[in-house]
There are 2 protein chains.
Amino acid sequence: MSAARPADHDHTHCIADALTRADALCAERGARLTALRRQVLELVWTSHRPRGAYAILEDLSQREGKSTAPLTVYRALEFLVEQGLVHRIESLNAYIGCAAPGAVHSGQFLVCEACGNAVEIDDPRIRAAIDTTAAERGFRVNRPTVEVRGMCTDCQEKSP
Amino acid sequence: MSAARPADHDHTHCIADALTRADALCAERGARLTALRRQVLELVWTSHRPRGAYAILEDLSQREGKSTAPLTVYRALEFLVEQGLVHRIESLNAYIGCAAPGAVHSGQFLVCEACGNAVEIDDPRIRAAIDTTAAERGFRVNRPTVEVRGMCTDCQEKSP
DNA sequence: CGGGGCGATGTTATAGAGTAACAGCATGTC
DNA sequence: GACATGCTGTTACTCTATAACATCGCCCCG
Ligand SMILES: [Zn+2]
Ligand SMILES: [Zn+2]
Ligand SMILES: [Zn+2]
Ligand SMILES: [Zn+2]
């Protein structure tokens with residue numbers, strides 16, 4: 001699971017893995033990964049680009065053949081975020097699947113402004129620096145958010 | 001002792017200083033800090049809590065005695081953000097005045113979930129950690145966003 | 001088996017955040 | 001004055017998210 005995710009990788013594996021991990025985690029925790037929630041999770045994993053709730057909604061409606069209400073998706077997303085299966089990218093109002101649920105999350109992302117891909121990283125140095133500076137100021141950290149906008153390796157090569 | 005801003009400070013000074021600095025900076029740059037933009041800047045500085053565009057809009061409408069369109073505020077905010085006079089807090093969809101415009105900005109905030117105050121920091125260690133990890137992955141950083149949710153010193157004392 | 005509780009889902013309506021397109025106005029410059 | 005440029009106003013619209021309330025399904029307990 002490198003940060004270097006080849007552009008031509010077999011993404012069906014990513015999806016299958018994500019669903020398998022989600023099943024295991026929820027079973028272990030006694031959380032109910034219902035059919036609806038599982039389907040929303042799958043739709044979040046459509047790609048490695050953060051997806052808006054309404055994009056997911058549209059897919060879901062189409063797949064179900066009937067129109068679905070926004071709330072349906074938002075509630076599912078809320079559950080998935082609580083379980084750490086999905087992260088919300090604040091600066092994009094969008095959601096992305098977590099590649100390593102169950103592990104500790106610091107919530108750090110490299111977001112490419114060219115291709116839209118977002119890679120989750122968990123760099124202890126960033127987390128340490130945040131904790132240090134917060135401690136120095138007496139600030140109690142609850143949820144650190146790090147979203148780095150920029151350009152990924154692939155896109156740099158394509159547009160030098 | 002609080003980070004930099006006692007809860008009982010004279011906030012009129014904060015506002016006056018911010019406007020003075022803005023005047024100077026814009027004059028120096030040849031940017032036009034029009035009456036409208038200046039007023040929006042003042043309204044952003046209403047407090048040290050990030051404010052939503054529509055809250056500012058409401059204040060502006062009331063102050064002007066006539067209803068104003070959202071776009072008016074958004075355009076002013078866009079200008080102010082470009083000039084580095086105001087920052088947008090992504091995780092809150094809200095705007096806050098910059099205490100040190102003109103200087104280099106890394107965009108780091110400690111946001112208290114209890115009182116809503118947001119303190120801008122510019123910790124070189126955080127920035128360095130981000131640059132390092134990005135470099136290791138071949139990611140070119142454009143705009144790093146760090147928004148740490150948690151609880152400020154004052155609020156910790158009040159609710160143990 | 002028959003409720004009763006509780007969490008998940010459905011429905012409808014509304015709030016909040018942001019933008020597009022176009023017109024008018026105010027500068028300053030030549 | 002004529003023009004160019006940039007700021008502001010107006011209208012309408014999209015996207016994001018939540019509130020309030022009804023309903024359904026499932027498990028537990030009697
Ligand atoms: Zn993949
Ligand atoms: Zn890219
Ligand atoms: Zn102040
Ligand atoms: Zn506080």
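Order of the sequence lines fixes the chain letters, A, B, ..., with proteins taken first and strands second; residue numbering starts at 1 for each chain.
- Side-chain proximity of Leu71(B) to dG10(C), dT10(D), dT18(D): nearest is dT10(D).
- For the pair Gln39(A) CD and dA8(C) P, the computed distance is 17 Å after rounding to whole Å.
- Regarding Tyr74(B), its OH atom lies at a distance of 17 Å from the P atom of dT14(D), rounded to whole Å.
- Exactly one of Thr72(B), Leu43(B), Leu41(B) qualifies for a side-chain contact (heavy atoms from CB on, under 4.5 Å) with Ile56(B). That residue is Leu43(B).
- Each of dT11(D), dA17(D), dT11(C) was ranked by its minimum atom distance to the side chain of Tyr95(A); first place goes to dA17(D).
- A sub-4.0 Å separation between OP1 or OP2 of dG18(C) and a side-chain N or O of Arg88(B) is present.
- Between Thr34(B) and the phosphate of dT8(D), there is a side-chain N or O to OP1/OP2 separation shorter than 4.0 Å.
- Distance Glu78(A) CD to dT9(C) P: 12 Å, rounded to the nearest Å.
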Query raised in the report: If you write DNA chain D from 5' to 3' in dot-bracket form, with Watson-Crick or G-U pairs under 3.5 Å, [ ] for crossing pairs and | for pairs with another strand, what do you get?
Result: ||||||||||||||||||||||||||||||

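- Ser67(B) places no side-chain N or O within donor-acceptor distance of the main-chain N or O of Ser61(B), the cut-off being under 3.5 Å.
- Nearest nucleotide to the side chain of Ala53(A), out of dA17(D), dT19(C), dG7(C): dA17(D).
- With rounding to whole Å, Leu77(A) atom CG is found 15 Å from dA8(C) atom P.
- Residue-to-nucleotide proximity on DNA chain D shows that, of Asn93(B) and Arg37(B), the 5′-proximal contact is made by Arg37(B).
- Looking only at distances, a side-chain donor or acceptor of Gln156(B) sits under 3.5 Å from a matching main-chain atom of Met151(B).
- Rounded to whole angstrom, the span from the CZ atom of Phe79(B) across to the P atom of dC7(D) amounts to 7 Å.
- By the criterion of a centre-to-centre distance under 5.5 Å and near-parallel planes under 30°, the ring of Tyr54(A) forms a stack with the base of dT16(D).
- Taking 4.5 Å as the limit, every side-chain heavy atom of Leu33(B) sits out of range of all side-chain heavy atoms of Gln83(B).
- Side-chain proximity of Arg32(A) to the nucleotides dA8(C), dT10(D), dG10(C) is greatest for dA8(C).
- Per the geometry, CD1 belonging to Ile89(B) stands 18 Å off C1' belonging to dG16(C), to the nearest Å.
- In this structure, Leu92(A) atom CG and dG18(C) atom C1' are separated by 14 Å, rounded to whole Å.
- When distances are taken from the side chain of Leu36(B) to each of dT10(D), dA17(D), dG9(D), the shortest belongs to dG9(D).
- Between Arg51(A) and Asp59(A) there is a salt bridge, since a side-chain N of the basic residue sits under 4.0 Å from a carboxylate O of the acidic one.
- The closest donor-acceptor contact from the side chain of Arg149(B) to the backbone of Cys112(B) lies at 3.5 Å or more, if one exists at all.
- A distance-only check finds a donor-acceptor pair linking the side chain of Glu147(A) to the backbone of Ser91(A) [under 3.5 Å].
- Nearest-nucleotide mapping onto DNA chain D: of Ala76(B) and Arg75(A), the residue sitting toward the 5' end is Ala76(B).
- Distance, Ile56(B) CD1 to dG16(C) C1': 14 Å, rounded to whole Å.
- At least one donor-acceptor pair closer than 3.5 Å links the side chain of Ser47(A) to the backbone N or O of Arg49(A).
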